[in-house]
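Below: one structure in structure tokens.
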Amino acid sequence: MEYKFQKIEEYWQNRWKEEGIYKVDNDSPKPKYYVLDMFPYPSGTGLHVGHPLGYIASDIFARYKRLKGFNVLHPMGYDAFGLPAEQYAIDHGIHPAVSTEENIKNFRSQLDKIGFCFDWDRQVKTSDPDFYKWTQWIFLQLFKSWYNRKTQKTEGIDGLIEIFEKEGNKNHPVPNSQFRISGSDKGAETLTSSHFTAADWKSFDALTQQNILMEYRVAYCGYGEVNWCEALGTVLANDEVINGVSERGGYPVVKKKLRQWYLRITEYADRLLGGLEKIEFSEAMKEMQSNWIGKSYGAEIDFELTSDSDVLRVYTTRPDTIFGVDFMVIAPEHELMGKITTKAQKGAVDKYIEYVKSRSERERMAEKIITGCFTGTYAVHPFSRRKIPVWVSEYVLAGYGTGAIMAVPCGDERDFKFAKHFNIPITNIIGRHFNGEEANATKDALLENSDFLDGMLMRDAIDFVIDRMERIGIGHRKVNYKMRDAAFSRQRYWGEPFPIIWKNGIAYPLDEKELPLELPHVETYKPGPEGEGPLANIPAWTERKLETNTMPGYAGSSWYFLRYMDPHNEKAFCSRKASDYWGQVDLYIGGTEHAVGHLLYSRMWTKALHDLGYIGHDEPYKKLVNQGMIQGISQFEKRDPEKTSFMRYVKSKDSEVFKTVVASNQTIMNATQPHSFGNRVMSHYVSASMATENSEQLLKKHVPISFVSSNILDLTKFYSDAQFEKDSIYYTDDGYFVDGEWFDYSHNKLASKCNFFTLSEVEKMSKSKLNVINPDDLCAKYGADTFRMYEMFLGPVEQSKPWDTKGIEGVHRFLKKLWRLFYDETKGKMWTDEKASPAELKILHKTIKKIEEDTERFSFNTAVSAFMIAVNELSDLKCNKKQILGPLLILLTPYAPHICEELWHELGNTTTIIDATFPGVEEKYLIESTKNYPVAVNGKTRTELTIALDATQQEVEEIILSNEVVKKWLEGKPPKKVIYVKNKMINVVV
RNA sequence: ACCCGGGUGGCGGAACUGGUAGACGCGCAGGACUUAAAAUCCUGUGGCCCGAAAGGGCUGUACGGGUUCAACUCCCGUCCCGGGUACCA
């Protein structure tokens, strides 16, 4: 009998489905365990081998925990709203709901083939009205809340209104929001008065009151500079912009003022930072998040100005360097800009501001050149009364700190470069630590030229100066964060509509009874007027004065993990009973790419829902594991530098591509004489030495990996594929390939193929790079169990690595070997009820111990190795005893569920193996009475000795010293000491 | 530039708190079975050297140094690769 994995897997997958074996109950006496995968965006490309890596790991862990007696929640769903579906709709006219549904079907069938233990009854889809009803509901809770800094909690806005009515806002000043609610898209304005009394509050009209409340709401609407992407017609979050271009598509991004929704995540900055200590994230992940939050401690200092009664307030983390200030710099957008410029400097400053405005975000990012202009005004040093020139420069950002700095060129690289560039004299306050060539940001120097700070260590001076400044009222301690409030709206169609109605400039929440506010059907996905979303094109929508923005991709994913706990609840997003039972996600698996997006937002939502009393925990995830990315090995049509033959890709005569090649690379053009084939211009023989760097780029072109083996492209096969460009001519040393035939250079047809070499390179796996390996193919060829084990065997889950199918045979061989412990080809069933020998029991228990340890610490690759060793050893002993094979199957189940289930039943068990109990280790089978120890003399291994495991240090020494080999080495002298490391080795130190 | 990871055979990777480096798998070489192939099984496999063999010696975890009886593991310096951030004062 042979191992017919296809039949086995199909059979068991159907049975698991029919019997609803993975259905999870919210009511169980067992302890709970929640294993979650980051749900996928159902793209049109389907799954490649990289996707299931994390899913397989989580599936193994979920199954393992189940065997260990836990009630395991292991759900799956789809992050179904998003830009690509909408882009697809624009391009192909297919409604996103339709294409998304199709993609989901495809994903599901692919996932099913791998044999995951998801409870599909709990599936969520963020684009489903039953789901986004609650996304909208949670949004309304955030809209109706504010963050109380006194209690450090999210609270209802009604409470704030009561406070205002009683005492105004003296105890709760307006939070530092970067996005002011008043004003228009022509310019943001701050509130006329930021402080008001109870009487003031009562005298304000409704609009003013609402505008003030908007300044406090957790989800709020305001005008602000946003990252506007013209090509995508939408606003992007900071983390969706990379180097001044959009993450998706790489289109240019500019700053634009628009009415936007925001989440006041900045108020949670400290808690998000502090919470990191309570959760098990990798150090790298924690660091990414804390860098993003960017907390810094420093001081705000006021400088008097010569030209104005106002003071210039700066933020610095190094108040100890106060006597090293040689100039001040303010941001071009700073509100004092207009006031402080002197008449003499007005022309120059205006010109400079003009220049700054002309520079796009992208230019500023790309070329960091030193620019700036003197304003004509001087600031007065608060201690020395020295006059300090005030400059304006784009290197100071308006959005951080106070938008103005005190520049200390001897201690700050940017200030130093600025001073050099504009010939501003530099004061040295750190003596020999400053060499005049570059700034030195040390805190370990003793201060010089610093008046009352002279001789003090900089580190110590920081607090000393602040104390002094606070005493005389010119400065105070201040904590700043880099993190900004999160933009929460998109001018797009395929997202959750906001349950908001606008009346007379006031945003009114929709009644909760009206939820879900369903996304209406549209005929066109084109943007609405003035940058508004497609919803603005629907008269029925605009007549109701409904908000025309939609929510961003991360809205649904910020809370989906809660819905899995209670997916069919129509009365609440998740009952308190359900969320109390399941609590935190015990194990969350996903990629690092969500470090500062999804993982931060979902943490914030959890905190808000917790504060408002809807859930009992304030961190969503207990432990996070980041799976690595599986890269693809791309194949390029290209000269292989190792081999002398090479190729050239050619297009037809009037092709643009060909022209480009010719125009931009003379080397290629002049290489040899051209030939022609019909309307095609044959390319030229390019020799290896002629291929310049430039031509290499031009010559590189992806080819489908399915036609490549051992770096040789099978052109005959490729030719009959749709992806083959019929006009291509391929050259090698020995001949050329055209119209499906090989010719030599005398144009005679060749009977055999020539070797056309490719070059391989590791890249991200993607459809466009033609390097995708489809899990379906592998499952069909080797079975899901082999595929699962091989993905794990490849290396640590956390590590990124290129996919290489070669080794899969070894894992497949292992499963076949396992099968043969049960079946003989001719004799059939082989297992017996015979009692196991101590040697066999030892193998079993050694394996149980190893598998348990490895699975617990997520070392699945070494666990798979342990299985291989066990099966090899049992195979050698011809052990086919039920007593050994039964427990072995249970151990293996998480890794290869189908074959284990099959064999488990064959052994005569009636229960399904998923409900079996993970076997315990019986240490007695592991313990040996004696062990062979290597003995080293001064670190050099000399001999081996058999020593009883319970021997004392003294006994060990006696045995060693009576050994002939050791004696010889010791030459009669007594050893200094004998180091006996249990289970490792013995070292004799002479 | 700054902050994190990481560098081990032909390859993927083991070595968990310093204790016989290279587990396990791939690949390769040789052999068994077979008319042959597939499948399966066995043996060998870091490098160099001595030996007919059994066996033995030296060297070896990016590079240079250090701590230690003992270093892939700890410390210092250098180089290279991957990831994150990017004028955040």
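Naming: A, B, ... by sequence-line order, numbering from 1 per chain. What you see below is based on every heavy atom in this structure, not just the backbone, and it leaves out hydrogens, waters and symmetry mates.
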(message) Can you confirm whether K801(A) is buried at NZ, in the sense that more than 12 heavy atoms of other residues, nucleotides or ligands lie under 6.0 Å from that atom?
(response)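 Result for NZ/K801(A): enclosed.
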(request) Scan every strand shown for a Watson-Crick or G-U wobble partner of G9(B), both distances under 3.5 Å, and answer none if you come up empty. (result)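 Checking every strand shown, G9(B) finds no partner, since no pair has both distances under 3.5 Å.
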(request) Would you please classify the geometry between the F418(A) ring and the F327(A) ring as parallel, tilted or perpendicular, with 30° and 60° separating the classes? (result)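 The rings of F327(A) and F418(A) lie parallel, inter-plane angle below 30°.
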(request) Mind calculating the distance between CD (E287(A)) and P (G6(B)) to the nearest angstrom? (result)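 Rounded to whole Å, this separation is 13 Å.
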(message) Angle between ring planes, H812(A) versus Y782(A), binned at 30° and 60°: parallel, tilted or perpendicular?
(response)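 The arrangement is perpendicular - the two ring planes meet at more than 60°.
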(request) Specify the separation, in whole Å, of atom CZ of F860(A) and atom P of G12(B). (result)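 It is 22 Å, rounded to the nearest whole Å.
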(request) Summarise protein proximity over nucleotides 24-29 of chain B in one line of letters, 5' to 3': B for base, S for sugar-phosphate only, - for none, counting protein heavy atoms closer than 4.0 Å. (result) BSS---
(request) Using a heavy-atom cut-off of under 4.0 Å over every strand shown, decide if S282(A) touches base, sugar-phosphate, or nothing. (result)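 No contact.
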(request) Ignoring backbone atoms, establish whether Q799(A) has a side-chain N or O less than 4.0 Å from OP1 or OP2 of G6(B). (result)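 Result: no.
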(request) Could you let me know what A86(B) is paired to, Watson-Crick or G-U wobble, both distances under 3.5 Å, or none if it's on its own? (result)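 By the stated definition (distances under 3.5 Å), nothing pairs with A86(B).
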(request) Round to the nearest Å and state the distance from D876(A) atom CG to U43(B) atom C1'. (result)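 The distance from CG of D876(A) to C1' of U43(B) comes to 13 Å, rounded to the nearest Å.
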(message) I'd like to know if the side chain of T786(A) pairs up with that of Y3(A) as donor and acceptor (distance under 3.5 Å, no hydrogens or angles considered).
(response)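 No donor-acceptor contact under 3.5 Å links the two side chains.
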(request) Could you tell me the separation between the CE atom of M483(A) and the P atom of G84(B), rounded to a whole number of Å? (result)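 So the two atoms are 20 Å apart, to the nearest Å.
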(message) Which heavy atom of P332(A) sits nearest to which heavy atom of I353(A), and what is that distance?
(response)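 It is O-CD1, 3.8 Å.
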(message) Please report the distance separating the C1' of U68(B) from the corresponding atom of C79(B), rounded so that it comes out in whole Å.
(response)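 One C1' to the other, the span is 27 Å.
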(message) Using atom P in both nucleotides, what's the gap between C80(B) and A62(B) to the nearest angstrom?
(response)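 It works out to 16 Å between them.
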(message) Nearest heavy atom decides the nucleotide; on that basis, is T592(A) or N291(A) closer to the 5' end of RNA chain B?
(response)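 That would be N291(A).
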(request) Please determine, for G46(B), whether a Watson-Crick or G-U wobble partner exists with both distances under 3.5 Å, and give it or none. (result)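 The answer is U59(B), by the H-bond criterion.
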(message) Is N861(A) close enough to A14(B) that one of its side-chain N or O atoms is under 4.0 Å from OP1 or OP2 there?
(response)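 It does, given that an N or O in the side chain of N861(A) lies less than 4.0 Å from OP1 or OP2 of A14(B).
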(request) Would you mind telling me which of G13(B), A86(B), A89(B) lies closest to the side-chain atoms of W292(A)? (result)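 Of all the options, the side chain of W292(A) is nearest to A86(B).
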(message) Give me the atom names and distance for the closest heavy-atom approach of E438(A) to N435(A).
(response)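 Where E438(A) meets N435(A) most closely, the heavy atoms are N-OD1, 3.1 Å.
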(request) Determine the Euclidean distance between corresponding C1' atoms of G9(B) and A23(B); express it in Å to zero decimal places. (result)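 The answer is 14 Å between these two C1' atoms.
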(request) Look through every strand shown and name the nucleotide pairing with A32(B) as Watson-Crick or G-U wobble, where both distances are under 3.5 Å. (result)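 The base-pairing partner of A32(B), which may sit in any strand shown, is U40(B).
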(request) Look at all strands and tell whether P802(A) reaches a base, only sugar-phosphate, or nothing, counting heavy atoms closer than 4.0 Å. (result)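 Touches nothing.
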(request) Determine the interatomic distance between P on G77(B) and the same-named atom on C2(B); round to the nearest Å. (result)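 Straight-line distance between the two P atoms is 13 Å.
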(message) Could you check, using the six-membered ring where one of them is a Trp, whether F858(A) and F860(A) have ring centers closer than 6.0 angstrom?
(response)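 Yes, the ring of F858(A) comes within the 6.0 Å limit of the ring of F860(A), centre to centre.
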(message) Output the rounded distance in Å from NZ (K849(A)) to P (C16(B)).
(response)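 The distance from NZ of K849(A) to P of C16(B) comes to 15 Å, rounded to the nearest Å.
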(request) Grab the two heavy atoms, one from L600(A) and one from L272(A), that are nearest each other, plus how far apart they are. (result)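 That would be O-CD2, 4.2 Å.
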(request) Using a 4.5 Å cut-off on heavy atoms from C-beta on, say whether the side chain of M406(A) contacts that of T321(A). (result)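 Yes. Closest side-chain heavy atoms under 4.5 Å.
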(request) Can you tell me, in whole Å, how much space there is between the P of U43(B) and that of G7(B)? (result)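 Rounded to whole Å, the distance is 32 Å.
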(message) Pairing donors with acceptors under 3.5 angstrom, does anything connect the side chains of T862(A) and D854(A)?
(response)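 Indeed, the side chains of T862(A) and D854(A) share at least one donor-acceptor pair under 3.5 Å.
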(request) Measure the distance from CG on N626(A) to P on G84(B) and round it to the nearest whole Å. (result)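 To the nearest whole Å, that distance equals 12 Å.
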(message) Using atom P in both nucleotides, what's the gap between C11(B) and A86(B) to the nearest angstrom?
(response)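 Their P atoms lie roughly 37 Å apart.
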(request) Please tell me which of K816(A) and K850(A) maps to the more 5' nucleotide of RNA chain B, matching each residue to the nucleotide holding its nearest heavy atom. (result)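 Nearest nucleotide further toward 5': that of K850(A).
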(request) With a 4.0 Å heavy-atom cut-off, tell me which residues in residues 319-328 of chain A come close to RNA chain B, sorted by residue number. (result)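 Contacts with RNA chain B under 4.0 Å: none.
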(request) For nucleotides G13(B) and C72(B), find the distance between their C1' atoms and express it as a whole number of Å. (result)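 Roughly 14 Å separates the two C1' atoms.
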(message) Strictly by Watson-Crick or wobble contacts shorter than 3.5 Å, is anything paired with U73(B), and which nucleotide is it?
(response)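 Its partner: none found.
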(request) Using a 90° cut-off around 0 for syn, call G7(B) syn or anti. (result)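 You should classify G7(B) as anti.
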(request) Round to a whole Å and report the spacing from NZ of K295(A) to P of A89(B). (result)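 Roughly 14 Å, once rounded to whole Å.
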(request) Check the distance between A89(B)'s P and I462(A)'s CD1 and give it to me in whole angstrom. (result)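 Those two atoms, CD1 and P, are 12 Å apart.
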(message) Using atom P in both nucleotides, what's the gap between A15(B) and G64(B) to the nearest angstrom?
(response)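 Their P atoms lie roughly 26 Å apart.
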(message) Under a 3.5 Å cutoff, is there a donor and acceptor pairing between the side chains of Y352(A) and E394(A)?
(response)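 Absent: no donor and acceptor within the cut-off.
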(message) Side chains of T266(A) and Y481(A) only: does a donor on one sit below 3.5 Å from an acceptor on the other?
(response)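 No donor-acceptor contact under 3.5 Å links the two side chains.
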